[in-house]
2 protein chains.
Amino acid sequence: MTTFFDRHQALLQDARKALADRGFWAPFAETPSETIYGAGSRAAGQAAFDALKGRPFALPGHPETGRAGAEVSPFGGALDITYPTADPAALIAAAQGAAKALAEATPQARIGALIEALLRLNARSFLIGHATQHTTGQAFAMAFQAGGPHAQDRALEAVALAWEEMTRFPAQAVWEKPQGKAVALRLEKHWTLVPLGVALTIGCNTFPTWNSYPGIFASLATGNPVIVKPHPRAILPLALTVQVLRAVFAEAGLPADAILLAADTAEAPVTQALATDPAVRIIDYTGGTEFGGWLRANARQARLFTEEAGVNTVTILGAPDFVEMCDNLAFSLALYSGQMCTAPQTILVPAGGIDSDLGHRTPDEVGRGLADALDRLLDDPARAAGVLGAVANPATAARMEALRQGARVIRDGRPMLLAAEGDDPVAQRECFGPVAFLLPCADAETALERATALAREQGAITAALYDTDEARIARAIPAFARAGVNLSINLTGAIYVNQSAAFSDFHVTGANPAGNACLTDPAFVVPRFTRAMWRRQIA
Amino acid sequence: MTTFFDRHQALLQDARKALADRGFWAPFAETPSETIYGAGSRAAGQAAFDALKGRPFALPGHPETGRAGAEVSPFGGALDITYPTADPAALIAAAQGAAKALAEATPQARIGALIEALLRLNARSFLIGHATQHTTGQAFAMAFQAGGPHAQDRALEAVALAWEEMTRFPAQAVWEKPQGKAVALRLEKHWTLVPLGVALTIGCNTFPTWNSYPGIFASLATGNPVIVKPHPRAILPLALTVQVLRAVFAEAGLPADAILLAADTAEAPVTQALATDPAVRIIDYTGGTEFGGWLRANARQARLFTEEAGVNTVTILGAPDFVEMCDNLAFSLALYSGQMCTAPQTILVPAGGIDSDLGHRTPDEVGRGLADALDRLLDDPARAAGVLGAVANPATAARMEALRQGARVIRDGRPMLLAAEGDDPVAQRECFGPVAFLLPCADAETALERATALAREQGAITAALYDTDEARIARAIPAFARAGVNLSINLTGAIYVNQSAAFSDFHVTGANPAGNACLTDPAFVVPRFTRAMWRRQIA
């Protein structure tokens, strides 16, 4: 019988090569095209999504003592889908019940099944696109990409690195110690991979699959059962994922309960009970810094991998092409209404203005340039809808309204661009959603110091720099590196600071408060398992 | 100019190969022989040790506002050596002052200097042997081996793995995304290695160098300044290490303050202040579980790598060679008076007895066999002194005296063998020092369950199993693996359960309470640094 592992060998080998090369490689096609995804796939995805609405979601064999689910599309309309619920203790028990069989399966069996599941998830990308759109508020094209193929790329990246790490040392060796003229001492040694224990993945509202897949797939690949705790507003994309994984595991002879869904509601959350259960040894968390701090203080039995919040900056010290710069930044600010963890928030400009290809530009002129570019980008309502999507959480809109009061508004609407000043605290804390601040600084060096200090102190996942002074750029590079933030320099055209590509970009460094983990470096994978040896003399 | 890195390339390449092969490889000769270490090296080591006694220890340029040091040899006599002391804040400031230059040095510069330092430390192995003997209580031959070459092996292992990890991904790549018929998008990407921050190594009394070197060398290799906080009873071996590292760093153009000594006294400890300083991002700790728990609760800003305590078991279900088994275990129990983290403590035997080559043996007969073997081993006073060494901490002797009261003593003296019963709690908690318990269990399965449960619940670094039933051995192997403990089966002759060889044995799994880190697996190294990128379009 051809196993899943045999069948997917070539893809795994390509993934390993891509990991090592760090160039462009995207195994899952990002275009929502029927040429790629098959004739009728678009309509089938829509139909499958419609068929899920208003019904109980099927997870055969899953622990279930009740049902929950109150998702409402940010574009309007309740999904009316309910998911099985169970006590945290019942979920933990089910995961523990699956642990031994998952651990004792070969890495080949786990990796093969996970790649098979990714291919099946990829085939469902239209459905996942709709599920992502109507839980996150992303416009469909983005929801398809980010919720489907891009998330699948990130998952395969984690799977391939897990394979590397599980196989980098031999499973057995002979240790032969010379004893001068006497017979050498000889031991046979054998190593067993030992998973750490039950893993918990805590998903977020805005990127339920993209941010959760690396942890889910890395934990499963290394033999740890995973309980997926989705954000109560964005359950469906992860429920579909759990459904596919359970089906493939069952086919592969692996325990279906190695992957479980912990659906809950904002009124009766289960996250804290799960996170502090002694059996939970791994937590992957995407979300705010406040709950991240709670986990650090209270879930000390677990290894914690986080992506939290930060203040992403754009430092504009010069513009080789002013209009192109403004257009590029406008798209980064507008995309998904600034709800990406990589979206810029605080734009630092020297008070004395900048040099550009169009001559000198004051901070006000920079602000106007950005506002004009936003207007150009969002002038056409259809295009605006495709770029902006919808705001996922009603609280975001309320926060924006509060910010507008008393502020100097450079551009109103979505996204909103506000003028900030000096040490204005609002521009120097994370302010999630479609708002950006233009903050004049005393001079270029002060702007760079402010940008790197914000990364060090508040955290940052991305930083952008525009400058015409190559010597200053060369000095800025190590300063941003020391602040642990990935830097994009003078981007124009169709490459944006928000973009992070699997197999090439390490997403989040772990070196500042924006998160302690990186998608996907070895430190994200190797703490999920260890090795136990047995050794014995060779006669 | 030939750099240290160029000069030590061949050794680094051999180390990398050994890491991958996991067979026997010991770059630093373990025999205290003048044939190897040079004519006169023995006397020179003794003389150098004598010359250090009764004087202030020289660490030129080291922060110093006072002096401390109250080491007393467990073999008698105060060392009367004082070491520079400084406020924790001053040490942190000095480490931070060195951080940038250490981080910005190339991996080659750091790795080259660290290997050079190891070769210089190796040349001082006789001196380090004396320093280790008179702080830990190890007999000289063991102190030479464990404090010198074996510790140096473990350090080189960490250095070689750090090199692997720092160089496994390219420092730059071109990312080229096809755009159909349009021009491809092209980015150049560059990655900078970013060390995590100041590292603190908290040493122990019994193996000051062996247990501390992996963390010290892994942190320095990956660019993190290290503050070494030795146990107040065992400062000298680490002070010598810091001295050598500072000298080599200065020669290599690296900051000497990248390695600092935090000497303190039991009366005025500095560990807590250092461990909770926000600048400290890495802690390597060897010591008891109680302080390990304190660090987990209070030093949450740091990544914590621990080796703590546990209950190492011997499960005797059958003896292929009863006398050889007893001789082997006697040595393991007696070596350094049971003060090794790998020493067996609790010996589990089925109440109905065992089969052996000498016929059936009851638990009492097993106890007598072990006692007889201990007597044989320790009959000759000179040999006994060489095996047993001295007890490092006076509290250990007091605890043994308390244990003896009311216990059934199978063998008195050092080590002491006590009969335990049923759920006797004393046999099921770590009891550091020269004491072991013989604990009859209902049957073989119960003994295995007890041994694996002790590892899971109390922690264990080693487990030994003796059995004649191959089917039962095959069942036991995965059970011990699930308990996260390294298992030695039917050892006889000159291979002991206590032994853990660099480049082959992964020491501590991290999968049970005996510690969360492993010497040296990738999870011990990779969380000490991360990568920050800069990227820019290619015209």
Side-chain angles (χ1 to χ4, degrees), chain A residues 20-24 26 100 103-104 165 168-170 173-179 185 187 189-192 194 196 296-297 300 477-478 480-495 501 504-506 509-511 518 521-523 526-527 530-537, chain B residues 20-24 26 100 103-104 165 168-170 173-179 185 187 189-192 194 196 296-297 300 477-478 480-495 501 504-506 509-511 518 521-523 526-527 530-537:
Chain A
D21 292 347
R22 313 308 303 179
F24 172 81
K100 184 165 178 286
E104 292 184 357
E165 294 295 345
R168 72 187 282 184
F169 298 115
V174 172
W175 181 87
E176 181 167 333
K177 182 177 181 178
Q179 298 291 296
L185 297 175
L187 286 173
K189 301 183 178 184
H190 303 256
W191 289 275
T192 307
V194 183
L196 209 61
R296 270 182 288 279
R300 297 204 298 267
I477 284 170
F480 280 100
R482 279 195 299 276
V485 61
N486 289 324
L487 177 67
S488 295
I489 301 168
N490 288 347
L491 295 190
T492 56
I495 297 181
S504 181
D505 294 311
F506 293 103
T509 67
C518 171
D521 72 359
V526 293
T530 179
R531 294 168 186 81
M533 172 182 61
W534 64 270
R535 63 183 182 180
R536 188 168 179 171
Q537 272 152 300
Chain B
D21 293 347
R22 314 307 303 179
F24 172 81
K100 185 165 177 285
E104 293 184 355
E165 295 295 344
R168 72 188 281 185
F169 298 115
V174 172
W175 182 86
E176 181 167 333
K177 183 177 182 180
Q179 298 292 295
L185 297 175
L187 285 174
K189 301 183 178 185
H190 302 256
W191 289 275
T192 307
V194 183
L196 210 60
R296 271 183 288 279
R300 297 204 297 268
I477 285 170
F480 280 101
R482 278 195 299 277
V485 61
N486 288 325
L487 177 68
S488 295
I489 301 168
N490 289 347
L491 294 189
T492 55
I495 297 181
S504 181
D505 293 312
F506 292 104
T509 66
C518 170
D521 72 358
V526 292
T530 181
R531 294 168 187 80
M533 173 182 60
W534 65 271
R535 62 184 182 180
R536 188 169 179 170
Q537 272 152 300

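Here is the naming used below: chain letters follow the sequence lines, and residue numbers restart at 1 for every chain.
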Is [X] close to chain B through its backbone or its side chain, or both, or neither, when contacts mean heavy atoms under 4.5 Å?
X: N490(A); value: both
X: A20(A); value: backbone
X: K177(A); value: both
X: V485(A); value: backbone
X: D21(A); value: backbone

Inset, instruction - Could you tell me whether R531(B) sits above the aromatic face of F169(B), with NZ or CZ closer than 6.0 angstrom to the six-membered ring centre and within 45 degrees of the axis? - result: no
Inset, instruction - Of all the heavy-atom pairs spanning Q537(B) and L187(B), show the shortest one and how long it is. - result: N-CD2, 3.7 Å
Legend entry - Shortest non-hydrogen contact between A532(A) and A481(B), atoms and distance: CB-CA, 3.8 Å
Option that, when pairs with chain A are counted at under 4.5 Å, heavy atom only, ranks first among [options]:
options: R168(B), Q179(B), H190(B), R296(B); result: R168(B)
options: F480(B), F506(B), W191(B), W534(B); result: W534(B)
options: A511(B), G493(B), P522(B); result: P522(B)
options: A173(B), P170(B), P527(B); result: P170(B)
options: G484(B), P178(B), A297(B); result: A297(B)

Inset, instruction - With M533(A) as reference, evaluate I477(B), L487(B), N486(B), T509(B) under the side-chain contact (heavy atoms from CB on, under 4.5 Å) test and give the passing residue. - result: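 In the set I477(B), L487(B), N486(B), T509(B), the residue that makes a side-chain contact (heavy atoms from CB on, under 4.5 Å) with M533(A) is N486(B).
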Quick one: which of [options] has the most heavy-atom pairs under 4.5 Å with chain B, could you say?
options: I489(A), V526(A), L491(A), T530(A); answer: I489(A)
options: A501(A), P478(A), S504(A), A26(A); answer: S504(A)
options: I495(A), V194(A), D521(A); answer: I495(A)
options: L196(A), L185(A), V174(A); answer: L185(A)

